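What follows is a single structure, written as structure tokens, with notes after it.
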Amino acid sequence: MDSAEIEQCFEVALGLVKEAGQVVREAIKKQKTIETKSCNVDLVTESDKAVEKLLIEGLAKAFPSHKFIGEESTAAGAKCVLTHDPTWIIDPIDGTMNFVHSLPYTCVSVGLWAGKEALVGIIFNPILDQMFIAKKGQGAYLNGERIRVSGQKDLSQALIFAEMGTSRDPEKVKTVLTNLTTLMPRAHGVRGMGSAALGIASIAAGWGDAYYHLSLHCWDTAAASLLVVEAGGFVCDSAGGPFDLMRRRVLCASSPELAQEVAGLLTQYQPTPDGDLMG
Ligand code: LIP
């Protein structure tokens, strides 16, 4: 895709994400209709479904040849396969558990990938009015202001964001707890905020120094990983190798040095990759 096409994609997506944000902003104040998915803490609400529909219908109308991967479409049985074709990867409400509890740390996340690389990333927390955007090679921005990672290299001075994830697979839970026990005495602090996209965006904004997750999905990282790269940060697999969007493991850091140190300390866990799991 050339830069004019990318710009057009960005503008259309930005308008739709703002509309989606309005839906989330209204819905968070109201009673939610909640269903469970893979387990009793993996939640979906009518708003997740409505926002995904709004985004996919709007984008498909503007870009009929493009492909889609959406969290709720995948849960409903759609294929979750990343090809080289332009593909919109959507988490309509990231931090659904927070949204259900009206905790204002939740967002809409939309990434555009083509040729298996990220071209556009938009993450919007409509409750706190935080719009994070990135376009490949053009930097990362929060509400129009350029953001950059902290540059921190020293783990003892680093604020680390970690997530539990939704699966309660005993091996995964044990790995999560082992990693917290390993990192807490070595880092400045460890936080788990409940929205992978916003957690990673926080590393891009320099509000924390590293984020890792060993069982998320492509829609959690499709936009956020671009933000970190465009903010001058480092994105890799949780073991330190190349980042693979579909492999469900990520480590984002303010510097390669910090990423390698954290990667070396983490006990690893490999969930079933996205494409193999669904579709
Ligand atoms: C969730 C994330 C959460 C992460 C979970 C899950 P959802 O996404 O935001 O932070 O730990 O693995 O991916 O289900 O709220 O869109």
Side-chain angles (χ1 to χ4, degrees), residues 17 20-21 23-24 27-28 32 34-53 55-56 69-76 80 89-111 121-128 130 132 160-169 171-173 175-177 179-180 190-203 208 210-225 227 238 245-252 266 269-274 277-278:
V17 168
V23 174
V24 176
I28 199 168
K32 288 99 180 169
I34 305 161
E35 292 168 48
T36 57
K37 297 190 285 184
S38 61
C39 68
N40 63 357
V41 292
D42 186 9
L43 308 182
V44 58
T45 69
E46 59 195 340
S47 302
D48 295 71
K49 293 179 190 173
V51 168
E52 185 157 318
K53 187 167 182 284
L55 292 169
I56 292 182
I69 295 174
E71 177 174 18
E72 307 318 334
S73 313
T74 303
C80 180
I89 305 174
I90 295 170
D91 193 338
I93 300 185
D94 184 53
T96 300
M97 181 64 80
N98 289 351
F99 171 78
V100 161
H101 290 271
S102 304
L103 176 64
Y105 193 78
T106 187
C107 66
V108 178
S109 174
V110 175
I122 304 175
I123 294 174
F124 183 35
N125 178 342
I127 322 300
L128 302 181
Q130 295 170 334
F132 295 91
I160 308 294
F161 290 9
E163 294 272 356
M164 320 302 137
T166 45
S167 122
R168 292 295 179 261
D169 166 43
E171 190 200 336
K172 204 284 298 285
V173 172
T175 308
V176 166
L177 297 176
N179 286 331
L180 288 175
V190 180
R191 303 282 182 270
M193 311 282 280
S195 162
L198 285 176
I200 297 171
S202 298
I203 304 307
Y211 176 100
Y212 69 88
H213 198 316
L214 281 70
S215 60
L216 38 53
H217 291 283
C218 57
W219 43 80
D220 296 311
T221 47
S225 55
L227 274 173
S238 57
L245 180 72
M246 307 308 276
R247 202 177 164 202
R248 301 187 55 197
R249 310 186 337 172
V250 73
L251 171 56
C252 300
L266 290 176
Y269 172 81
Q270 179 58 65
T272 307
D274 270 335
L277 188 64
M278 296 155 281

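One-based numbering, in listed order, for ligands and for the atoms of each. Bear in mind that the values here come from a model prediction, so they are computed numbers and not experimental data.
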Which of the ligand 1 atoms, numbered from 1, are nearer than 4.0 Å to a heavy atom of G194
3 (C), 9 (O), 10 (O)
d(I203 CD1, Y212 OH) to nearest 0.5 Å is 12.0 Å
Strictly distance-based, threshold 3.5 Å: is any side-chain N or O of D220 a donor or acceptor partner for the main-chain N or O of A196?
no
Residue, atom name and distance, where the atom is the protein heavy atom closest to atom 1 (C) of ligand 1:
D94 OD1, 3.8 Å
The test is side chain to side chain donor-acceptor pair (under 3.5 Å); show your working for D94 and S109 and say whether it passes.
CA-CA 7 Å; D94 184 53; S109 174; over 6 Å; no
Output the list of atoms in ligand 1 that are nearer than 4.0 Å to some heavy atom of G165, sorted by atom number.
5 (C), 11 (O), 12 (O)
Counting only heavy atoms closer than 4.0 Å, does ligand 1 sit against the backbone of H213, its side chain, both, or neither?
side chain
Any chance the side chains of N179 and Y269 put a donor and an acceptor closer than 3.5 Å?
no
Between the main-chain N or O of R247 and the side-chain N or O of Q270, is there a donor-acceptor pair closer than 3.5 Å?
yes
Check: H217 main-chain N/O paired with R248 side-chain donor or acceptor under 3.5 Å
no
Can you find an N or O of A196 that's nearer than 3.5 Å to an N or O of ligand 1?
yes
Got a sec: does the NZ of K172 have more than 12 other heavy atoms crowding it under 6.0 Å?
yes
Would you check if the side chain of S195 reaches a backbone N or O of T106 as a donor-acceptor pair within less than 3.5 Å?
no
Which bit of T96 is near ligand 1, meaning a heavy atom under 4.0 Å away: side chain, backbone, both or neither?
both
List every atom of ligand 1 that sits less than 4.0 Å from any heavy atom of D91, numbering the atoms from 1 in the order shown and giving each element.
16 (O)
Indicate, as side chain, backbone, both or neither, the part of E71 found under 4.0 angstrom from ligand 1 when only non-hydrogen atoms are considered.
side chain
Suppose I only count heavy atoms of S195 and a 4.0 Å limit; which atoms of ligand 1 are within that range?
9 (O), 10 (O)
With heavy atoms only and a cut-off of under 4.0 Å, state how D220 meets ligand 1: side chain, backbone, both or neither.
side chain
Mind checking whether G95 has an N or O less than 3.5 Å away from an N or O of ligand 1?
yes
Ligand 1 contact on I93 by region, counting heavy-atom pairs under 4.0 Å
backbone
